[in-house]
Amino acid sequence: MVFSCRQCGTCCMYLGDYIVIEKQIGPFSFECESVSTGTPFVAVIDEDKREIFSDHSFPDQHPHACRFLRPDSGLIRCTIHRDSPAQCKYYRCVVMRIADPGGKQLGYVTGNLSLHADDPVLRAVWEEAERAIPSCNPDAERLYQHTLEAHGYRVE
Ligand code: SF4
Ligand code: SF4
């Protein structure tokens with residue numbers, strides 16, 4: 001599955017404690033820290049998002065959201081797309097959607113290869129795959145998909 005971000009903003013809604021602004025150093029420039037990795041970075045608001053960034057009603061209403069998140073024409077967008085930390089740029093909320101042979105959706109897998117599903121049979125198949133293939137295997141995503149398909153699941 002080729003991941004395409006829908007810019008729904010869900011993954012950034014509770015990252016206000018993790019992407020922290022330390023100091024404003026210019027009208028649209030900030031010294032920041034990515035707390036989970038302890039990485040400092042400088043963020044400049046994307047030129048085409050400065051107007052929406054200047055409206056602070058969204059962060060005021062959502063105090064746990066990342067300070068750089070803003071609504072924009074029906075989307076919820078990152079306003080530092082160019083300067084956002086690597087873990088933001090490479091984050092994928094869904095890499096596989098799993099359905100039974102009839103097409104009934106049973107669950108999904110996130111970019112860190114975590115299964116989100118209640119179905120006990122699917123969970124057992126996934127755990128079997130995890131035991132056989134370490135998630136650090138560079139080909140793990142494809143191999144997990146093959147395991148699911150070998151058990152009759154439809155994976156997109
Ligand atoms: S990565 Fe997923 S949750 Fe985050 S904004 Fe994109 S579609 Fe939404
Ligand atoms: S920097 Fe951008 S992508 Fe990262 S959490 Fe904040 S709004 Fe989301």
Side-chain angles (χ1 to χ4, degrees), residues 1-100 103-119 122-123 126 129-130 135-145 147-149 153-156:
M1 170 181 171
V2 177
F3 177 69
S4 172
C5 175
R6 293 176 285 110
Q7 299 188 71
C8 68
T10 304
C11 57
C12 310
M13 285 300 290
Y14 294 95
L15 291 183
D17 289 339
Y18 296 93
I19 304 293
V20 171
I21 295 175
E22 300 283 7
K23 187 176 163 193
Q24 184 160 5
I25 53 175
F28 291 100
S29 307
F30 301 88
E31 284 180 356
C32 308
E33 182 179 350
S34 175
V35 173
S36 55
T37 57
T39 312
F41 66 101
V42 171
V44 179
I45 305 300
D46 297 335
E47 281 189 19
D48 62 341
K49 303 191 190 89
R50 291 180 180 182
E51 191 177 333
I52 59 170
F53 179 80
S54 298
D55 182 345
H56 291 269
S57 49
F58 185 84
D60 288 348
Q61 289 161 10
H62 301 280
H64 300 293
C66 175
R67 300 292 88 189
F68 295 113
L69 198 62
R70 293 291 186 280
D72 183 22
S73 308
L75 304 174
I76 311 281
R77 306 181 73 191
C78 174
T79 56
I80 55 164
H81 191 68
R82 190 193 67 179
D83 293 337
S84 62
Q87 70 266 33
C88 293
K89 285 190 169 63
Y90 297 115
Y91 180 75
R92 299 175 298 162
C93 59
V94 179
V95 296
M96 292 180 220
R97 293 187 194 280
I98 306 164
D100 69 12
K104 182 184 167 202
Q105 290 293 319
L106 297 177
Y108 66 94
V109 176
T110 56
N112 61 358
L113 296 182
S114 298
L115 173 70
H116 292 251
D118 293 325
D119 185 274
L122 171 58
R123 292 186 66 82
W126 185 261
E130 284 182 321
S135 59
C136 57
N137 182 321
D139 219 13
E141 198 172 310
R142 188 181 64 81
L143 294 170
Y144 287 176
Q145 179 171 352
T147 302
L148 293 168
E149 288 169 342
Y153 292 103
R154 286 161 62 168
V155 183
E156 293 177 341

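Counting starts at 1 for both ligands and their atoms, in listed order.
Side-chain contact between Met13 and Leu69 is present, with heavy atoms from C-beta onward closer than 4.5 Å. In this structure, Arg92 and Glu141 have side chains that are in contact, with non-hydrogen atoms separated by less than 4.5 Å. Looking only at side-chain heavy atoms (C-beta outward), Asp72 and Glu51 stay at 4.5 Å or farther from each other. Proximity of Ser84 to Phe68: side-chain heavy atoms (C-beta onward) are nowhere separated by under 4.5 Å.
Shown in contact with Phe3 at under 4.0 Å from a heavy atom are these atoms of ligand 1, numbered in order with element: 1 (S).
When each of Phe41, Phe30, Phe28 is tested with Ile80 by the rule side-chain contact (heavy atoms from CB on, under 4.5 Å), just one qualifies, namely Phe41.
Of the protein's heavy atoms, Arg6 N, 3.3 Å lies nearest to atom 7 (S) of ligand 1. Looking from atom 8 (Fe) of ligand 1 to the surrounding protein, the closest heavy atom is Cys8 SG, 2.3 Å. Among protein heavy atoms, the minimum distance from atom 1 (S) of ligand 2 is reached at Ile80 CD1, 3.7 Å. Among protein heavy atoms, atom 2 (Fe) of ligand 1 sits closest to Cys93 SG, 2.3 Å.
Protein contacts to atom 8 (Fe) of ligand 2 involving N, O or S atoms at a distance below 2.8 Å are Cys12 SG.
Distance check for Cys5 against atom 6 (Fe) of ligand 1: an N/O/S atom falls below 2.8 Å.
Under the 6.0 Å distance and 45° angle rule, Arg70 does not count as a cation-pi partner of Phe58.
Annotation for His62: atom NE2 counts as buried by contact number, over 12 foreign heavy atoms lying within 6.0 Å. Open room surrounds CD on Glu47; 12 or fewer heavy atoms of other groups in view lie less than 6.0 Å from it.
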Take Ile76 and Thr10 through the test side chain to side chain contact (heavy atoms under 4.5 Å, CB included) and record every step on the way to the result.
CA-CA 8 Å; Ile76 311 281; Thr10 304; over 6 Å; no
